[in-house]
Enquirer: 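Sharing a structure below in C-alpha cells format, with a few things to ask.
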Amino acid sequence: MMDANQSSRIRKRLTRWALNVALFIAMAIICLPGLWIVLNSLRPTVEIMAKPPVWIPRELNFDAYVAMFSGVGAGGIPVLDYFRNSIIIATTSTVIALAVGMAGGYAFARYRFRGKSGWFIGLMLTRTVPGIALSLPLFFLYARLGIIDTHFGLILAYVAMNVPFTIWLIDGFFRQVPKDLSEAAQIDGCTRWQAFWRVEFPLARPGIASAGIFAFLTAWNEFALASQLTRSTNSKTLPVGLLDYTAEFTIDWRGMCALAVVMIVPALLLTYAVQKHLVSGLTSGAIKG
Amino acid sequence: MADLSLRQLDKKYGSFHAVKGLDLHVEDGEFVALVGPSGCGKSTTLRMIAGLEEISSGDILIGDRVVNDLAPRQRNISMVFQSYALYPHMTVRENMGFTLKIAGRPEAEIETAVADAARALEIEPLLDRRPAQLSGGQRQRVAMGRAIVRNPDVFLFDEPLSNLDAKLRGQMRTEIKRLHARLGSTVVYVTHDQIEAMTLADRIVIMRDGLIEQAGSPDEVFNRPATRFVAGFIGSPPMNMAEGVIQDGLIRFGDGETLPLPAQFRDAVTAGQRVTLGLRPDDIYPVGHGLHAGEAVETRPLEVALTEPLGNETLLFVRFGGVEWTSRMLNPRDLRRGETVDFQIDLSRVHLFDGESGRSLRTA
Ligand SMILES: Nc1ncnc2c1ncn2[C@@H]1O[C@H](COP(=O)(O)OP(=O)(O)O)[C@@H](O)[C@H]1O
Ligand SMILES: [Mg+2]
C-alpha cells in the first residue's frame, strides 16, 4: 500500500514538472517573435540581417523611434495621423459591434422568433468568407458610394466583420444567465430595462469584455481591407502605415519593427485593462447547484 | 396584505390550453396550496399571478385592484423560485435589500429591514457571503428573506423545497409554517408534493390538466375527495382502488369477489352501474391492528404477499378483488410473507366513484 501511494505521488509530481516544461516551451515559441520585433526595432539593419542571427545585440538605440516621429521630410512617417485613425476606427467599430452584439445576443438567448436558427446560421456563414475575397467588390461599392478613404467606410466594414462574432459570443454568455434572475429582479421592482442592466448585464460582462477585446484587436490589426479602402492620412491605419517602410527595392526592417511595437503596446494595455472583467464563473450559485 | 381573486383565468400557449378558466378566491392571510401532477398548469397559474406570464383571458385581482396588465413590479408580490434565483454577483445582504434599493429607500431603512428578516430566518452570519458560498438550505432561507423584505401583499412560492433533501425539506416546511403564522400573510404555494400541501395549507387546490378538481381544507380533500383523481393524489400511501359493478346490493369485482354495498351509498347507485371503490390503507387491516374502531366491518382471510416494516407500523400488501391492496398495520406483530390472516375492511369508510365520470357518489 505504502509503495503504491508513494509511486503515485512521485508520478503526480513528475507529471506536474513535465507540464510546466511543456508550458514554458509553448510560451517561449509564442513570445519569441514578439521579443524579436522589439529587439529589431532597437538595432541597426546590418545586425538584423546578419547570418547567422545575432542573439545578443551589441548596440541598442532609439533611432528608429526618433526618426518615426520626426516628420515626413526627416525620414519619418505620419504616425500620429495613423494612430489617430486606428484609435477612432477601432474604438468606434468596437463600440457599435458590442452594442449590436449585446442586443442581438440577448435576443437570440432570450426570445423565440421565426427563423431564429436560420438567422443564426446565416450570421455564422458570413464568417466563412475570407475578408480578402471581399476587398475588390467592396472597393467598387465604396468607390460608387464615395466612402473610400473615410473613417466611416472602414468602421462600417469592421462592424460588419465583427458583429456575427460578438452576437455569437454574447449569446452564449446570456444563455448562461438563468431567466429566473431577470424575473426575480422584475418582481423585486425592476423594469425590464433595469433588470437587464442590474442583473443580466453584470453577469454576462465577461463575455461582453471578451467580445470587445476581440472586436478591437480585429479592427486594430486588420490589413487586407484597410490597404484597399484607404488612400491617405485621412483614414490610413497603423497596419497600412507599415507599408511606408517599403520602398521599391528595400525594406526598412528596423523602422517597420518600431512601428509594430507602437501598434502592439496599446493593444497590450487594453487587453490588460479589460482582463479583470474576464473573471468567469460569476453565474454559479444563482440556482441550486 | 390583501386577498387575491382569479376569475375565469385562462392561458393558451398557441393551440395548447394550459389553464382552463380557473376560479379561485384566496382570503386575506390565507395559505393556499396548488397541487397536482407535473404539467397540470400550477406554475403557469402562479406566473400569471406574478405577471411573468401574460393571461389569455379572465381577471386577476389583488385586493380590489385588477392587475391583469400590470408589470410584476406594480403588483406588490414576492416570489420564491424553485431555483431560488439569487443574484450571484451580490452578497446575501444586497440580495435581500435589492428590492428596497430599487424602490429608492434610505440606507438605514434597508439595513433595518434586512437585519429583521435575517434574524427571523437565522441567517445573520451569512449576510456578507455570496450565494455561491451557501448550502442549498441556506440559499432557500435567503430566497425567503428576500421575499419577506419586500413586505408584499401576496407571497408566491413555486416548489420552493423541491431541490432540498428530505430532511431539510421537513425542516424548511416547519420554518415556512412558522413564518406564515408570524407574518399572517396571504400565500399561494405551488407544489407537486401532497404532503407539503397537507401540512402547510389552510386550503388545498388540486389541479389536473389546467382545471381545478377540488378545493378544500386538508381534512376535506383527504376525507371527502370529490373525484377518483383527488382520492388517488392525496394521501400516502395512496388510496387502494378497485373497479367493480353494482349487483344485488353488492359490489362485484373483476375476479368475482364481492363486498356488500356500504349503507351510505345504497341510494346513490343503480344496479349494473360501473364503480370504482376506494379504500385508504388505514381502513383495511389485520384484526386488532386498525386505526379506527370499525363501524361496519367485513372480515376476509387474505394472504400477505409482501411486508414493509416501518417500525411503528407495517405496510402489508394483499391481493383482493383482482388488484393489490396496501394495508396499514398499527402496533405491528411479526407477519410472514405467504401467511394468511383475517383482514377487516371498514365499509363505513369506503369511497365510491362513478366508473365513467370518476366523481364521488357520496350524497351527503
Ligand atoms: N412557454 C411555454 N410554451 C408552451 N407550453 C408551455 C410553456 N410553459 C408551460 N407550458 C406547458 O404548459 C403546461 C403547464 O405547465 P406548468 O404550469 O409549468 O406545469 P406545472 O404544473 O408542472 O408547474 C405544460 O404542459 C407545459 O408543457
Ligand atoms: Mg412547475
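All heavy atoms count here, side chains included; hydrogens, waters and symmetry mates do not.
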Enquirer: Got more than 12 heavy atoms from elsewhere within 6.0 Å of CZ, B:R7?
Expert: no
Enquirer: With respect to chain A, which residue among B:N95, B:L52, B:N76 yields the maximal number of heavy-atom pairs within a distance under 4.5 Å?
Expert: B:L52
Enquirer: Taking the side chain as every heavy atom from C-beta outward, state whether A:D188 and B:R73 have any pair of such atoms under 4.5 Å apart.
Expert: no
Enquirer: For B:D165, is the CG atom crowded, meaning more than 12 foreign heavy atoms sit under 6.0 Å from it?
Expert: yes
Enquirer: How long is the gap from NE2 on B:H89 to CG on A:L181, to the nearest 0.5 Å?
Expert: 8.5 Å
Enquirer: Enter the distance from B:M90:CE to A:L203:CG here, rounded to the nearest 0.5 Å.
Expert: 8.0 Å
Enquirer: Tell me, for B:R47 versus chain A, whether the close heavy atoms (under 4.5 Å) come from the side chain, the backbone, both or neither.
Expert: side chain
Enquirer: Out of B:L164, B:I77, B:L156, return the one with the most heavy atom pairs under 4.5 angstrom to chain A.
Expert: B:I77
Enquirer: Would the distance check show the side chain of B:R150 and the main-chain N or O of A:I187 forming a donor-acceptor pair, the cut-off being under 3.5 Å?
Expert: yes
Enquirer: With a 4.5 angstrom heavy-atom cut-off, which part of B:S135 approaches chain A: side chain, backbone, both or neither?
Expert: neither
Enquirer: Look up atom CD in A:E183 and atom OG in B:S83, then write down how far apart they are to the nearest 0.5 Å.
Expert: 9.0 Å
Enquirer: Taking side chain as everything from C-beta outward and backbone as N, CA, C, O, which of these in A:R198 sits under 4.5 Å from a heavy atom of chain B? Side chain, backbone, both or neither.
Expert: both
Enquirer: Please examine the side chains of A:P202 and B:Y87, heavy atoms only from C-beta on, and report whether any two atoms are closer than 4.5 Å.
Expert: no
Enquirer: Nearest heavy-atom pair of A:G189 and B:I102: which atoms, and what distance?
Expert: O-CG2, 3.3 Å
Enquirer: Measure A:S182 against the heavy atoms of chain B and call it side chain, backbone, both or neither at under 4.5 Å.
Expert: neither
Enquirer: So does B:Y13 have more than 12 non-hydrogen atoms from other groups sitting under 6.0 Å from OH?
Expert: yes
Enquirer: Return yes when atom CZ of B:R105 has more than 12 non-hydrogen atoms of other residues, nucleotides or ligands closer than 6.0 Å, and no otherwise.
Expert: no
Enquirer: With a sphere of 6.0 Å drawn around CZ of A:F113, does it hold more than 12 non-hydrogen atoms of other residues, nucleotides or ligands?
Expert: yes
Enquirer: Heavy-atom count check: over 12 atoms from other residues, nucleotides or ligands less than 6.0 Å from A:K179 NZ?
Expert: no
